[in-house]
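Given the structure is predicted, the values throughout are model-derived calculations rather than measurements. First listed ligand is number 1; within each ligand, the first listed atom is number 1. Quick note: residue numbers are just sequence positions, from 1.
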Amino acid sequence: MNADPLKKKFAEKSEAVAIELKKYLKEKGSEKIDEVSFAQVVGGMRGIKSMVWETSALDPVEGIRFRGYSIPELRELLPKRGNGKEPLPEGLFWLMLVGEIPNNEQVEWLSEEWSRRAGVPDYVHKVIDALPEDTHPMTQFSTAILALQKNSIFAKAYDEGMSKADYWDATYEDAMNLIANLPHIASYIYRRTYHNGDLIAADPTLDWGGNFAHMLGIENDEFKSLMRLYLTIHADHEGGNASAHTTHLVGSTLSDPYLSFSAAMNALAGPLHGLANQEVIKWIFGMCEEIGSTNPTKEQIVDYVHKTLNEGKVIPGYGHAVLRQPDPRFMAQKRFAEEYIKDSDVVEVVWKVFDVVPDILNSLGKVKNPWPNVDAHSGALLVHYGFNQFGFYTVLFGVSRALGVLAALCWSRALGLPLERPKSVTSEWLISQVKDR
Ligand code: HAX
């Protein structure tokens, strides 16, 4: 039996797709797929089909599908731990990489494999420790990943003259090692920043998400279930979002997976992207403090929403560049709260905000999607389990995002996708193209 069944499967599947893609590129390469409008060029390239991304696809109304499966379907189909009800993120990684729902045995193998591959060198801890403790956790996270780059198998093999045919293999090895180490790096940062460096040793008998919860220091079975769900639903959102696209762009220069993923985390750290999960909970607690109640009325929330908008700010957790319905990732978290959480003021506030914000955003007449996104709910669930360090929330998102973007990076190298290099134009040129039409 092959020592790494996932790698063997990936080699077979990706080789077949690479052959097909090359064939069509040769025979149909000049066929038109899309047109580009003036608004798309000025407006952040919304909707332009310009990238190959195998692991997931986003429909504006239906939301995300991973290899064709919706989040509720994955909750049914992916392997669970013991009697747990939430899917294991290991299973999603397997699915995204090779397009097949894994069985329990395959997922157990992957949990053990990541546990076996984990081992953060001490110099990386020293790099983290050299940063002031009030350095934002996302900066610590990105820096630590960059420091770990010294261990890149891809970079070393390239330096030694690796053939193009082997790029995917080295990318896979780096992706697996990086994913194995991310919960360790993240929990180190968490414990150093918020718990005086009082570290908790890994439990190799646990799964990837369960062990992450354990190393963070929250020993609660429900929280472990939440982590499994959280790490599954944040993993991928097709290729055009900023963190995924950054991984793809940087990786296309043959920068290795560490360099590519560290860059992706810098994109995720922006408030219009992943940092929104921190901003949402800060906004909710700021509102409660100003109103003087942990459970304000809908009328009070309406007033506070107007106040935020009048100050020229966005309502964090609402709106999306692609989605035009409530985000299924928001709904999955709402479902989790309905099932597990009783009597939480902060969860109730999230639901009341959901009741009032869409109408207000619609009334502005310019917001294309008034509905909540993934970040509108996650903080309230974490707060419920005593996880109150808002500054760390985006790191949790980042650990999950590795699963999708690194699986996709393996595909990019296996398919031989080239350096990404779109065309830019000046505003003068752009206007000259339309002014006399
Ligand atoms: N509150 C107030 N105004 C909003 C808004 C919101 N939540 N969402 C959009 N708008 C405004 C935009 O700022 C823009 O205003 P201007 O024309 O004055 O600049 C206008 O509505 C049109 O924007 P849009 O086309 O609807 O939205 P975009 O595709 O440009 O932007 C964003 C999408 C997610 C960045 C946007 O909705 C936003 O800023 N939301 C709040 C921040 C947030 O929740 N980000 C997380 C998104 C999900 C994610 O990536 N998670 O990681």
Run the side-chain donor-acceptor check on residues 415-426: report pairs under 3.5 Å with partners two or more places apart or on a different chain.
| unit_1 | atom_1 | unit_2 | atom_2 | d |
| --- | --- | --- | --- | --- |
| E420 | OE1 | H248 | NE2 | 3.4 |
| E420 | OE2 | H245 | NE2 | 2.7 |
| T426 | OG1 | W429 | N | 3.0 |

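The closest donor-acceptor contact from the side chain of E238 to the backbone of L58 lies under 3.5 Å.
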List, for ligand 1, each N/O atom that has a protein N/O partner under 3.5 Å away, with both atom names and the distance.
| unit_1 | atom_1 | unit_2 | atom_2 | d |
| --- | --- | --- | --- | --- |
| ligand 1 | 1 (N) | I315 | N | 2.9 |
| ligand 1 | 7 (N) | I315 | O | 2.9 |
| ligand 1 | 7 (N) | Y318 | O | 2.7 |
| ligand 1 | 15 (O) | K366 | NZ | 3.4 |
| ligand 1 | 18 (O) | K366 | NZ | 2.8 |
| ligand 1 | 25 (O) | K368 | NZ | 2.8 |
| ligand 1 | 26 (O) | K368 | N | 2.8 |
| ligand 1 | 29 (O) | R46 | NE | 3.2 |
| ligand 1 | 29 (O) | R46 | NH2 | 3.1 |
| ligand 1 | 30 (O) | R46 | NH2 | 3.3 |
| ligand 1 | 40 (N) | Y318 | O | 2.8 |
| ligand 1 | 44 (O) | G317 | N | 2.8 |
| ligand 1 | 44 (O) | N373 | ND2 | 3.0 |
| ligand 1 | 45 (N) | L272 | O | 2.9 |
| ligand 1 | 50 (O) | H273 | ND1 | 2.9 |
| ligand 1 | 51 (N) | D375 | OD2 | 2.7 |
| ligand 1 | 52 (O) | H273 | O | 3.2 |
| ligand 1 | 52 (O) | H273 | ND1 | 3.1 |
| ligand 1 | 52 (O) | G274 | N | 3.4 |
| ligand 1 | 52 (O) | D375 | OD2 | 3.2 |

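Judged by distance alone, the side chains of R81 and N104 never bring a donor and an acceptor atom under 3.5 Å apart.
Within the cation-pi definition used here (under 6.0 Å to the ring centroid, within 45° of the axis), K150 qualifies as a partner of Y123.
Applying the ring pair (Phe, Tyr, Trp, His ring centres under 6.0 Å) test to pairs two or more places apart or on separate chains, none has a residue in residues 43-66. Residue pairs that meet the ring pair (Phe, Tyr, Trp, His ring centres under 6.0 Å) test with at least one member in residues 294-318, sequence neighbours left out, are W283-Y304.
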